[in-house]
Amino acid sequence: MSDVKNRTVNLLQVLLLIINISAIYFLVIFVYVTTESIRRHYVARKFLDNVQSIPTNPQRSMIIVLVMGTVLVVTFLYRHYKKTIENKKLIASLVVDFMVAAVIMVELDFNYKGLLLLICANIITYLAGNKTKFIMAACTVSGYLLADYELISIYMPLYRISEYIQYYTADVQQLLYSVVNLLNSLNIIVFIIYCVYVMNAQSGTIDEINKLNHELQSANGQLKEYAEMTERMTQTRERNRLAREIHDTLGHTLTGIATGLDAAMALMDVSPEQTRKQLELLSKVSRDGIKDVRRSVNELRPDALERLSLEVAVRQMITEMAQVSSVDIYFETEEKNMRFDEDEENAIYRVIQESITNAVRHGKAKKIWITIERKDGELILEIKDNGIGCDNIKSGFGTKHIRERIDMLKGHVEFDGSKGFTVTAYIPIRWGENYD
Amino acid sequence: MKVRLSSEVKAMAIVAVLLASLLTYGVYKQNKVTVLEFGMFTGSNWEVANANSFIIIDEAIKRFEETHPKVKIHYYSGILREDYSEWFSRKLLQGKEPDVFMVLGTDFNQYASMGVLKNLNSLMELDSSFDKDKYFTSSLKTGQYGSNQYALPYETVPTLMFVNKTLLKKEGIDMPSADWTWDDMYDICAKATKDLDGDGMPDQFGCYNYTWRDAACASGIQLFSENGRSANIDEEGVVESVKFIRRLNSLNRDTKITREHFNGGSVAFMPLTFAEYRTYKTFPYKIRKYANFQWDCLTMPAGSNGENLSRVDTLLMGISNKTREEKLAWEFLKLLTYDEDIQTDIFRYSQGASVLKSVTGSDTMENIVQQDMEEGDTVISAELLSRVIEEGYVEAQFRNMNQAMALADSGIADILENETTIDSGLKILSRSIENYLEQDNRN
């Protein structure tokens with residue numbers, strides 16, 4: 001909202017307030033002064049013949065309306081000068097305005113309903129587009145419709161300002177009518193101008209929002225590209241590390257063994273004793289190699305699995321995934337002792353990770369259920385989500401890796417994309433068998 | 001030295017202050033005197049002199065204050081009847097009208113339409129000791145606007161026919177019976193109208209001040225619809241009534257009869273109110289006014305299709321719609337209008353009749369009225385008076401009824417004066433009154 005527009009809106013608001021306060025003060029003081037004049041001239045009974053009804057107590061009405069008018073000014077100044085107001089206090093001040101307006105209208109026997117335009121203008125300005133604004137605006141509009149003099153006068157006797165005006169001589173009458181009509185018309189005109197300005201100002205805000213939104217979207221796109229690039233870089237780095245590990249450990253050991261075996265073959269006929277020593281050495285080297293390989297594999301394992309048990313690692317991963325992707329993930333298992341061989345744990349961990357990633361990325365799932373159970377010596381791992389699923393499962397849809405990993409363990413895996421997406425893996429675990 | 005009060009002491013102090021203020025309020029409430037404002041005028045409602053108008057009210061106030069020790073009733077004294085309407089209107093404009101007040105017949109519909117008067121329906125229904133059927137139907141109806149009771153009757157006065165017995169005797173005419181008709185009245189008037197001094201113009205007359213409205217009552221016609229939206233001025237009964245008045249007037253040729261003629265004893269009939277009857281039958285007015293002839297009163301003559309009905313005029317009392325003491329106001333209103341002793345006092349100290357059937361129809365009433373009269377005078381019987389009031393004619397109440405009636409009055413006076421055709425004249429008049437009513441309703 002530009003400053004010029006802001007100033008204009010403020011000015012119009014002040015103008016609306018001044019017109020309304022003038023109107024109600026004028027009416028209520030006019031009725032009181034007229035009543036006193038009628039009494040002074042002893043024409044009360046004659047006056048009554050020409051009226052439908054009279055105010056309950058003009059003096060009391062005058063005092064009440066004067067006080068209530070001040071309240072309107074005070075709440076206006078409060079909203080105007082206090083820059084930051086809590087939403088609750090803001091609504092409270094608008095509700096106070098509304099009730100004050102109602103009291104004033106009742107005191108004026110519904111001879112003036114322009115106040116509701118003032119209230120409506122305030123609601124439009126101060127309340128952001130939410131339910132409260134809608135409710136209060138609806139209240140005000142229905143109030144404006146129902147607070148109609150002609151409508152209410154059917155049900156209860158109300159005095160009419162024109163009947164008080166008619167007490168005066170024709171030229172004064174003309175003047176008074178013009179004042180009343182002028183105030184009424186001015187109020188409506190200023191209100192309409194005000195609405196137009198506020199609408200203009202608010203449509204400016206909407207343009208700004210659209211622009212920002214656009215910028216946000218392009219930034220998001222860039223971010224995705226970066227992410228993909230990072231993933232590719234990580235992959236390359238990981239492959240290089242793998243190559244180096246194989247080269248450093250396995251390559252080194254195998255080369256040593258091959259060379260040692262060659263030497264053993266040469267020595268075999270010359271000196272069986274030497275050969276035996278050579279073979280013992282080779283055996284030691286190969287054992288060292290196994291140790292190295294094991295260490296390498298350990299290093300290649302996911303960090304969590306290296307440090308923690310499978311269950312704890314899986315739970316930690318779930319927590320992290322749930323945190324970053326706002327998905328509810330439920331993990332359930334009846335297996336108390338989840339200690340398997342490292343390759344098995346690795347495969348299970350990776351399958352779960354891959355499945356969650358697939359569910360979130362492709363399935364747009366909000367809930368994921370993971371169960372691990374043991375049946376007929378097999379471990380059944382099921383990952384189920386409530387995402388969009390898919391009709392025919394394409395290979396490479398994130399499922400390829402999973403299948404590979406399970407195949408390596410001589411298990412099999414099933415995919416079902418009919419109701420969300422379900423991955424069910426059957427793994428023949430080597431219960432109790434040791435790697436060594 | 002600073003003394004620090006412990007929180008217990010503070011709490012005790014607060015409790016003590018609260019208790020003390022509560023106690024003070026209780027004592028104040030106990031001793032507080034409620035003042036009930038009563039609006040009334042001095043003198044009689046019936047345009048006759050009345051020196052005793054305060055006696056009944058003072059008696060009622062005394063009795064009320066005895067049974068309600070914490071209540072004082074205050075009234076403004078010295079407001080004349082002719083000023084009362086203006087006085088009350090001024091109070092009303094200020095919003096400071098009394099709680100209970102007298103309502104003049106000419107003000108009632110205006111006030112009721114403005115919402116000044118409290119609707120008494122629920123008060124009447126909730127009060128088990130109250131039976132509205134104890135009032136005369138016509139009196140009760142005077143206080144109704146729309147279908148609601150906005151005021152209760154206090155005192156009522158029917159219109160009766162005043163008969164110059166001396167004149168009738170001289171002309172050898174018998175006193176008419178209570179169920180006499182227009183034809184009887186016309187015959188007597190024709191016989192009584194005479195040129196005694198031989199100047200070619202009559203100087204003894206049949207009747208004075210018998211108007212088209214008296215005649216319309218006797219035909220049983222309601223001049224306006226209940227809601228005040230249409231006028232029935234052009235209906236058969238009204239046409240007959242106006243025609244009858246024209247016939248009566250034609251007997252007098254062009255002589256204008258005045259009150260002086262009647263007072264001088266040269267008119268046979270004159271409608272007068274029960275209040276006038278009582279005033280002029282008693283000392284000192286009896287001697288001053290009608291010393292030279294004997295007179296009595298009679299029911300009004302019945303119209304061609306009607307009965308011996310006459311207008312009743314009722315003084316009403318109402319409660320302000322704004323009163324804070326609704327219950328007290330109702331009790332006081334009930335005491336004034338519903339209590340048999342207070343209502344009996346109306347015969348003692350005022351000139352009207354009670355609005356309660358049991359009081360007006362009692363022997364006590366006859367005795368009280370007899371006390372004021374001479375031995376030879378016949379007192380109107382309780383039964384006849386009750387009948388006249390009960391069957392009394394009450395015009396529908398609506399806003400601006402007085403203005404509409406004034407229009408009808410002047411229009412019909414024109415018709416009678418200018419010798420126009422009655423049927424068409426009334427049709428035109430009826431339409432113009434309906435135009436007025438329509439306009440008024442639209443406002």
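A, B, ... follow the sequence lines: proteins, then strands. Residue 1 opens every chain. These numbers were taken from a predicted model, which means no experiment stands behind them. Because only heavy atoms are used, hydrogens play no part in the values below, and waters and symmetry mates are left out as well, while side chains stay in.
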### Query
Which residues from residues 142-150 of chain B are near chain A, with near meaning under 4.5 Å between non-hydrogen atoms?
none
### Message
If I measure from the heavy atoms of chain A, does B:Gln94 come under 4.5 Å with its side chain, its backbone, both, or neither?
### Response
both
### Message
Whether A:Lys113 engages the ring of A:Tyr144 as a cation-pi pair (distance to the six-membered ring centre under 6.0 angstrom, angle to the ring normal within 45°) should be assessed.
### Response
yes
#### Entry: Charged N-O contact under 4.0 Å between A:Arg160 and A:Glu150
yes
### Query
Do B:Asn321 and B:Val116 touch side chain to side chain, with heavy atoms closer than 4.5 Å?
no
#### Entry: Interface residues of residues 31-38 of chain A facing chain B - heavy atom cut-off under 4.5 Å
A:Thr35, A:Glu36, A:Ile38
### Message
Can you confirm whether A:Ile193 sits close enough to A:Ile189 that some side-chain heavy atom of one is under 4.5 Å from a side-chain heavy atom of the other?
### Response
yes
### Query
Of the backbone (N, CA, C, O) and the side chain (C-beta and beyond), which part of B:Lys96 lies under 4.5 Å from a heavy atom of chain A, both, or neither?
side chain
### Query
Hey, what's the ring geometry for A:Phe47 with A:Tyr167, parallel, tilted or perpendicular (30° and 60° as the breaks)?
perpendicular
### Query
Can the ring centroids of B:Trp87 and B:Tyr76 be said to lie less than 6.0 angstrom from one another?
yes
### Task
Sort B:Ser320 into side chain, backbone, both or neither according to what part of it lies under 4.5 angstrom from a heavy atom of chain A.
neither
### Task
Decide if atom OH of A:Tyr177 counts as having more than 12 heavy atoms of other residues, nucleotides or ligands within a radius under 6.0 Å.
yes
### Query
Do B:Val71 and B:Val33 have side chains that get closer than 4.5 Å, going by heavy atoms?
no
### Task
Verify the neighbour count for atom OH of B:Tyr25: are there more than 12 heavy atoms of other residues, nucleotides or ligands below 6.0 Å?
no
### Query
Is there side-chain contact between B:Leu92 and B:Tyr111, with at least one heavy-atom pair below 4.5 Å?
yes
### Query
chain A heavy atoms under 4.5 Å from B:Glu97: which part of the residue, side chain, backbone, both or neither?
neither
### Query
Taking atom NZ of B:Lys132 as the centre, does the number of heavy atoms from other residues, nucleotides or ligands within less than 6.0 Å exceed 12?
no
